[in-house]
Amino acid sequence: MSRIMEHINDRREFLKKSAALAASLSISGTSSLLASDVKPKNKLPQWRGFNLLDFFNPEADKGRKNPEKYFQWMSDWGFDFVRVPISYPSYLSFDRSRPILAEETLNFDENRLQEIDALVDLAHKYGLHVSLNLHRAPGFCINAGFIEPFNLWKDKDALDAFCAHWEMWSKRYKNISSKKLSFDLVNEPYMREDVNDQLSPGGPVPVDDYYRVAKAAVAAIKSVNNKRLVIANGNSGGGVAVPELADLDLHQSCRGYHPMLISHYKAPWVFKDIDNLPIPSWPGEINGKVYDKSSMEEYYQPWFDLLKKGVGVHCGECGAYNKTPHNVFLAWFEAVLDVLHAHGIGYGIWEFSGAFGILNSGREDIQYEDWYGEKLDRKYLTLLQKYH
């Protein structure tokens, strides 16, 4: 009997030592390896949806109004997000027969503002989060075509107007939860020598200037509602992560347009000689450089690094123009979505209906499905729903 007890005791001691050794190895080695593989949690929800261009044009009445049925379809198909890129002149009152004056940039038109309210309410009716974005802010837009009286990145008057607009929006929507509404400061920052010339030489906004502008706008918004989610776009047209903004109380928005030769193939506002562009492929080679999923992961790494700093990331714009061959587009975009999804990053397709959309895109190389009188790209929708 004593030998049996000795065996049992020896066995218990062996198990204790084995457990201690395993714990020691886990703490010193294995666990650190596993921890390094753990992806940081995205502090922004993984919203999935679309941009709505109702107020994208400086002339509000020239926007494409999205009917209520579109909101219902988005919700029914499992989407939960709309980004609303707004051109600030669309909700102002001024003499439109001439360029706007600096002192007119705060002439808010209540009737036009109520039209935006109606879109926000409609989105919320169908459970969609609304990201309100100044696509054209006082003193800057990535697209020229409306003559600005000043430069957001250089002039104090422009920055004061910019902050006044965001303070107005913050007060107007003060009582709407951040779960339902966020603010996207300014679309695709870029520094041109001439803010009103689309072809003017330019590049990234100097980080100090971007920081100054973003900090002032965040302060204006948070002074009204300290809980409002605020998002800053990547620099140099949206694609460059800005870790220098990490100490501000905001998150960041990337783009899903890499490489541009695929996403914007034959887009006349991007390429001058659209008839002599190389036909894109995926995976493929452009100007001697190989583009594949590995290069895609490398491209987005600076955004993943932001997640490690506690900065939330969302892809506010993505998709492809309707001239990109459909099979190439779907193969490429699946890689984009794979890479973003693996890090908990959601997306906003540039539009719901139109040249980048899942409805009425005007492609000539696919068979559309008739969807209540609309032309539905079913393969595109199926791809998006794969990542719900």
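Counting from 1, the numbers follow the sequence of the chain as shown. Heavy atoms only: backbone and side chains are in, while hydrogens, waters and symmetry mates are out.
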TODO: Give me the ring orientation class for Tyr299 and His258: parallel if the planes are under 30° apart, tilted from 30 to 60°, perpendicular past 60°.
DONE: parallel
TODO: Keeping to residues at least two apart or across chains, list the salt bridge (charged side-chain N to carboxylate O under 4.0 Å, His left out) pairs with something in residues 220-238.
DONE: Lys222-Asp249
Open item on the list: Can you list everything that forms a side-chain hydrogen bond (donor to acceptor under 3.5 Å, both in side chains) with Lys69? Sequence neighbours excluded, please.
Closed with: Glu374
Task: Pairs touching residues 91-119 that satisfy ring-ring contact (aromatic ring centres under 6.0 Å, His included), sequence neighbours left out - done: Tyr91-His165, Tyr91-Trp169, Phe108-His165
- [ ] Start with the C-alpha gap between Lys379 and Glu369, add the side-chain angles, then the distance that decides, and say whether salt bridge (charged side-chain N to carboxylate O under 4.0 Å, His left out) holds.
- [x] CA-CA 10 Å; Lys379 288 185 177 180; Glu369 176 182 329; over 6 Å; no
Open item on the list: side-chain hydrogen bond (donor to acceptor under 3.5 Å, both in side chains), that's the test. Do Asn111 and Glu115 meet it? Break it down for me.
Closed with: CA-CA 7 Å; Asn111 291 329; Glu115 293 178 12; over 6 Å; no
Open item on the list: His326: which residues meet the ring-ring contact (aromatic ring centres under 6.0 Å, His included) condition with it, sequence neighbours left out?
Closed with: none
Task: Co-members of the apolar cluster containing Trp47 [side chain, <4.5 Å] - done: Leu44, Phe81, Leu229, Ile231
Task: Ring-ring centroid check His264 Phe271, cutoff 6.0 Å - done: no
Task: Residues that Lys156 engages under salt bridge (charged side-chain N to carboxylate O under 4.0 Å, His left out), provided they are two or more places apart - done: Asp160
Open item on the list: So that I know where these two stand, are Phe329 and Tyr380 an aromatic pair - ring centroids less than 6.0 Å apart?
Closed with: yes
Would you list the atom pairs, donor with acceptor, under 3.5 Å between side chains in residues 71-80 and any protein atom, with sequence neighbours excluded?
residue	atom	partner	partner atom	Å
Ser75	OG	Tyr126	O	3.2
Asp80	OD1	Arg48	N	2.8

Open item on the list: Please give the remaining members of the hydrophobic cluster of Ile366, linking ILVMFWY side chains under 4.5 Å, ordered by chain and number.
Closed with: Tyr368
Task: Pairs flagged by salt bridge (charged side-chain N to carboxylate O under 4.0 Å, His left out) wherever residues 286-296 is involved - sequence neighbours left out - done: Lys293-Asp338
Open item on the list: Run the salt bridge (charged side-chain N to carboxylate O under 4.0 Å, His left out) test against Glu298 and tell me which residues pass, sequence neighbours left out.
Closed with: none
Open item on the list: Test of understanding: with salt bridge (charged side-chain N to carboxylate O under 4.0 Å, His left out), list the residues that count as partners of Glu193, not counting sequence neighbours.
Closed with: none
Only pairs under 3.5 Å count here: list side-chain donor-acceptor contacts from residues 201-213, not counting sequence neighbours, and write none if there are none.
residue	atom	partner	partner atom	Å
Asp209	OD1	Arg212	NH2	3.0
Tyr210	OH	Asn233	N	3.3
Tyr210	OH	Asn233	O	2.6
Tyr211	OH	Asp247	OD1	3.2
Tyr211	OH	Asp247	OD2	2.9
Arg212	NH2	Trp153	O	2.9

